[in-house]
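Worksheet: the structure to be examined is printed underneath.
The figures that follow rest on heavy atoms only: side chains count, while hydrogens, waters and symmetry mates do not.
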Amino acid sequence: MQEPRLCGQEAAIRAAMAEPGTYWSQHSTLQLDQLRSGFACALHMHQPTIPAGSGGELISHLQYMLEHPGEGDNHNAEPFAQCYRRLADLIPELIEQGCNPRIMLDISGNLLWGAEQMGRSDITDAWRHLACDPLMQRHVEWLGTFWGHAVAPSTPIPDLRLQIEAWQHQFASAFGLEALQRVRGFSLPEMALPNHPDTLFALVDALQQAGYRWVLLQEHSVETLAGGPLSEAQKYLPNRLIARNGQGERREITALIKTQGSDTKLVGQMQPYYEALSRDRLPLGDISVPSLVSQIADGENGGVMMNEFPQAFLQAHQRSAAEPGTAAINGSEYLELLDCDPAAFPSIQAAGQGELLQGLEERWSAQQLQERIEAGCNVEGASWTNDLSWVKGYESVLEPMQQLSAAFHQRYPRALPSDPIYQQALLHLLLLETSCFRYWGQGTWTDYARELHRRGQELLSHSSQSA
């Protein structure tokens, strides 16, 4: 089995990501003072890794779909595979037509690894072209994410950093450190933002330590510092996400806001472009800036994405090229061209923190916070779908996940990348935290989670005995 690259190059990656400078504005052909508005579209692509290969081997769910075409919607496996690679055709086509296309890509570590495992060079070569070709670098922005598609609010705090760093290792191994240096925006799996102060603080701190400069957030997962909903204008401007802990420490990171819930058709039919046509410049501090309509959607799921998106993507960019005033623009490009002090951005916090922290001083105790939680304050966080809890009913997944995390960190208080058991235990920990084991409900998927937990515990037990 081809192993993923999850650890071992921490120093080199940290050094590369600590490099200051701009990566987009120096190549951009856009002039913000000539734009009323912009639209920033991202595609999220993910396939979980499951213990369902020959003899229980870890394989990509995409491979399982291809090998079991008669089950459920598995007949879509090859169309999905083509969705993963098709931007390498669509972007050059638009450039040849004189258009100026943009797209952001959020591809999970599971899927990056899975395509390699399967030997799908058509997919991996397409991604390499989009990540490394000098011309594509002007048009395609990659977003960082968690390697194992974990749900941040219910992921053990020490594992947030592991998930972030593992994805950087996977990406750098596939496309090089120079390509990784350009990855400065971050996309949270399931758009799940923690609102427990300790978890949120740890997340923002880990993102900053990893070199990320901004994060894409769902509008319903955040609120103003006064505890209310964002203003209409705020949704189309960069904001500052504020994170605080009980020791009085504070971290903040720039946030772009995804609006209008989770409807995949928003990107599948290029709604962001048509909404941006109706928007105008907005005041930001002492200046005015183009409003930015930001959206993300699955890159493959559903008939709209599989069938309608390519033509809609082409048409929106063709029309944009012919009608000045509204342009496609990627997140980092927009922020670099603004060249604005983030202190001028409106401040926001995770939804529910206003109620949770109301009346508390700058410093608070764990007991004070726990009393608020027990009084009914919700600390599940929020995601793209707030009608789905990522916690309730999933004790059969969450408790083993927490157990494995605790056992992992007890056995390995510091990273030991040279230890093959460490690497395998880390892999199983990251995999167990994958959201799919909850999203798809009880049954086969929770069985997969139990098996990953069993294998992870067995690895750690063996490691302890041999230590």
Exercise. Going through the distances and angles, do Gln424 and Glu3 end up as a side chain to side chain donor-acceptor pair (under 3.5 Å)?
Worked result: CA-CA 9 Å; Gln424 279 296 308; Glu3 299 294 334; 2.8 Å; yes

Problem set entry | Working for side chain to side chain donor-acceptor pair (under 3.5 Å), residues Ser173 and Arg5 | CA-CA 7 Å; Ser173 174; Arg5 273 72 65 183; 2.7 Å; yes

For this session: Please report the C-alpha distance between Leu43 and Met305 in whole Å, then the side-chain angles of each, then the deciding distance to 0.1 Å, and finally whether the side-chain contact (heavy atoms from CB on, under 4.5 Å) criterion is met.
Result: CA-CA 10 Å; Leu43 297 181; Met305 290 310 303; 3.8 Å; yes

For this session: Verify side chain to side chain donor-acceptor pair (under 3.5 Å) between Glu249 and Asn245, making sure each step is shown before the conclusion.
Result: CA-CA 6 Å; Glu249 297 175 297; Asn245 66 12; 2.8 Å; yes

For this session: Please assess Glu165 against His169 for the test side chain to side chain donor-acceptor pair (under 3.5 Å), listing each intermediate value before the final yes or no.
Result: CA-CA 6 Å; Glu165 291 181 349; His169 276 79; 5.9 Å; no

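If you look at Phe186 and Phe146, their ring centroids are closer than 6.0 Å. Aromatic ring centres of His317 and Phe39: separated by under 6.0 Å.
Judged by distance alone, the side chain of Thr434 and the main-chain N or O of Cys436 form no donor-acceptor pair under 3.5 Å. The backbone N or O of Met17 lies less than 3.5 Å from a partner atom in the side chain of Arg184, making a donor-acceptor pair. Between the side chain of Asn239 and the main chain of Phe345, no donor-acceptor pair closer than 3.5 Å is present. A side-chain donor-acceptor contact under 3.5 Å links Gln423 to the backbone of Pro417. The backbone N or O of Asn195 sits less than 3.5 Å from a side-chain atom of Gln353, completing a donor-acceptor pair. No donor-acceptor pair closer than 3.5 Å links the side chain of Ser108 to the backbone N or O of Thr145. Using a distance-only test at 3.5 Å, with no hydrogens or angles considered, no donor-acceptor pair links the side chain of Gln97 to the main chain of Gln318. Gln168 places a side-chain N or O within donor-acceptor distance of the main-chain N or O of Ala210, the cut-off being under 3.5 Å. Listed for the Asp298 side chain is no donor-acceptor partner under 3.5 Å among the backbone atoms of Glu300. Within the 3.5 Å criterion, the main-chain N or O of Val151 finds a donor-acceptor partner in the side chain of Thr155.
The aromatic rings of Trp142 and Trp127 stand perpendicular to each other, their planes meeting at an angle above 60°, with 30° marking the opposite boundary. Using a 30° and 60° split on the angle between ring planes, Trp445 and Tyr448 fall in the perpendicular class, above 60°. Taking the six-membered ring where the residue is Trp, His61 and Tyr64 present parallel rings, their angle staying beneath 30° rather than reaching 60°.
Each of Glu141, Glu336, Arg138 was compared with Asn330 under the side-chain contact (heavy atoms from CB on, under 4.5 Å) criterion, and only Glu141 meets it.
Arg455 has no carboxylate O lying under 4.0 Å from a charged side-chain N of Glu458, or vice versa, which leaves the two without a salt bridge. Taking 4.0 Å as the cut-off between side-chain N and carboxylate O, Arg120 and Glu78 count as a salt-bridged pair. Salt-bridge formation is not detected for the pair Glu10/Arg14: no Lys NZ or Arg NE/NH1/NH2 atom is positioned less than 4.0 Å from an Asp or Glu carboxylate oxygen. Salt bridge Asp89/Arg86: absent, no basic N to carboxylate O contact under 4.0 Å.
Side-chain contact of Asp159 with His409: a donor-acceptor pair under 3.5 Å is present, judged by distance alone. A donor-acceptor pair shorter than 3.5 Å cannot be found between the side chains of Ser60 and Gln117. No side-chain N or O of Ser25 forms a donor-acceptor pair with one of Asp339 less than 3.5 Å apart.
Few gaps surround CD on Gln26; more than 12 heavy atoms of other groups in view lie less than 6.0 Å from it.
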